[in-house]
Amino acid sequence: MSTAVVEIDNVTKTFDSLTAVNAVSLKLHQGQTLGLIGPNGAGKTTLLRMVCSLAKPDSGDIRIQGDSVRSNPLGVRSRLGFMPAEFGSPRNLNILEYLDYFGCLYAIPRQARRQRIAEVCELTDLTGREDVMVKGLSTGNKQRLLLAKTLLHDPELLVLDEPASGLDPRARTELRVIVKALASLGKTIIISSHILPDIEDISDRIGIMEAGSLVLDGDLTELREGSGTAGNIVKIKVEDESTSVAMDLLKGLADVQSCENRDGTLVVSTQQPNGNFVLAEMLRHDIRVVQFAEDAPNLEEIFMRSTAGKVT
Ligand SMILES: Nc1ncnc2c1ncn2[C@@H]1O[C@H](COP(=O)(O)OP(=O)(O)OP(=O)(O)O)[C@@H](O)[C@H]1O
Ligand SMILES: [Mg+2]
């Protein structure tokens with residue numbers, strides 16, 4: 001087993017009477033990408049800020065490559081790059097000046113800094129735009145620049161808080177490609193997002209948080225098992241006039257966990273790996289089936305199943 005880059009050990013954080021992060025533990029190994037998802041207010045940002053030593057746990061500890069956020073926050077910070085959800089940095093600079101400013105903060109010597117800035121611009125596709133002013137950048141380019149800044153000191157761990165927020169579909173795809181490229185360079189990555197298909201695509205592991213707790217954690221197969229979606233999703237379309245009858249029949253079956261009508265297609269979540277019993281029920285009642293398909297539940301279905309919409 002490779003070494004754990006991140007070890008989160010029973011961490012809790014409260015704000016007055018609110019428990020923002022509640023006894024969360026997890027380990028992340030070198031080269032892994034962890035996708036962190038959860039409803040608004042679930043505690044993702046608070047957890048990420050604690051990982052980066054920017055907020056202190058009330059109890060528990062977090063170690064980054066063995067360094068504790070409690071006893072060695074400066075050691076922790078040198079090992080990771082944090083991309084915050086909001087661009088709160090100086091804007092009255094051009095891209096080169098901005099990166100140089102942060103390079104100075106990271107104490108990268110001048111010669112190495114120039115070289116490193118060129119490299120991070122290349123990685124984030126900013127090469128050739130070095131003299132563009134930060135304050136005029138589009139959201140997409142701002143996010144690239146934030147990511148470039150995060151990479152400057154070549155950290156082992158990248159902590160990206162909603163890097164895709166506000167991006168158009170093309171910029172999102174490009175960001176996905178960059179994150180995957182960074183993972184293939186061996187970086188360990190924690191990324192939070194509300195864009196579940198992206199998280200499904202780029203993560204080796206996914207953590208689902210709700211109301212401060214880590215409710216599920218694992219790869220997609222483990223999440224399916226943990227959320228009770230180890231069975232199948234059956235998508236069935238019957239002739240229009242029979243849709244509501246079919247829905248009532250399906251809801252009455254013991255192996256059907258849920259059945260919802262999405263634009264005329266019944267999406268049935270079942271306990272059984274084989275969805276033929278759904279088809280059989282329709283045929284038994286002489287309901288004409290127009291379309292029938294089976295799917296393993298995707299992350300969105302797992303998410304909907306495992307979170308109850310609790311808010312903090
Ligand atoms: N500095 C703070 N003071 C008081 N409450 C806070 C503070 N920071 C966060 N909270 C509260 O802690 C809870 C968790 O917030 P957090 O920002 O970690 O959630 P999140 O999962 O990142 O949500 P989102 O998806 O909206 O970004 C929320 O109820 C939030 O209001
Ligand atoms: Mg957040």
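Hydrogens, waters and symmetry mates play no part in the numbers below; they use all other heavy atoms, side chains included. Note that ligands are numbered from 1 as they come in the structure, with each ligand's atoms numbered from 1 the same way. For reference, positions follow the sequence shown, starting with 1. These numbers were taken from a predicted model, which means no experiment stands behind them.
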The atoms of ligand 1 lying under 4.0 Å from a heavy atom of Thr45, numbered in the order shown, are 17 (O), 18 (O), 20 (P), 22 (O), 27 (O)
Give a yes or no on whether the backbone of Pro84 and the side-chain of Arg49 come within a donor-acceptor separation of less than 3.5 Å. no
One finds that the ligand 1 atoms under 4.0 Å from a non-hydrogen atom of Glu162 are 25 (O), 27 (O)
- Do side-chain atoms of Thr188 reach the backbone of Gly31 as a donor and acceptor pair under 3.5 angstrom? yes
Before accepting this row, confirm whether a basic side-chain N of the pair Asp100/Arg113 lies closer than 4.0 Å to the acidic partner's carboxylate O.
yes
Thr46 heavy atoms within 4.0 Å reach ligand 1 at atoms 9 (C), 14 (C), 15 (O), 16 (P), 18 (O)
For Leu18, the atoms of ligand 1 under 4.0 Å from one of its heavy atoms are 11 (C), 12 (O), 13 (C), 29 (O)
Salt bridge (Lys or Arg N to Asp or Glu O under 4.0 Å) pairs touching residues 17-38, sequence neighbours excluded, are none
Of Val6, Val5, Leu157, Asp67, the one forming a side-chain contact (heavy atoms from CB on, under 4.5 Å) with Arg79 is Asp67
Counting only heavy atoms from other residues, nucleotides and ligands, does the tally under 6.0 Å from CE of Met304 exceed 12? no
Task: Min N/O separation Gly43 to ligand 1 under 3.5 Å - done: yes
Can you find a side-chain donor-acceptor pair between Gln115 and Gln111 that sits under 3.5 Å? no
Quiz item: Could Arg224 and Asp219 be called an ion pair, given the rule that one side-chain N must be under 4.0 Å from one carboxylate O?
Solution: no
Logged contact type for Asp16 with ligand 1, heavy-atom cut-off 4.0 Å, is neither
Measuring only between side-chain heavy atoms, which start at C-beta, is Met50 closer than 4.5 Å to Ile62? yes
Tightest non-hydrogen contact, residues Ile195 and Ala164, listed as CD1-CB, 3.8 Å
In terms of its nearest heavy atom to atom 20 (P) of ligand 1, the top option of His194, Met209, Lys44 is Lys44
Ignoring waters, protein N/O/S atoms under 2.8 Å from the Mg ion (ligand 2) are Thr45 OG1
A student checking ligand 1 against Ala42 at a 4.0 Å heavy-atom cut-off should list atoms 19 (O), 20 (P), 21 (O)
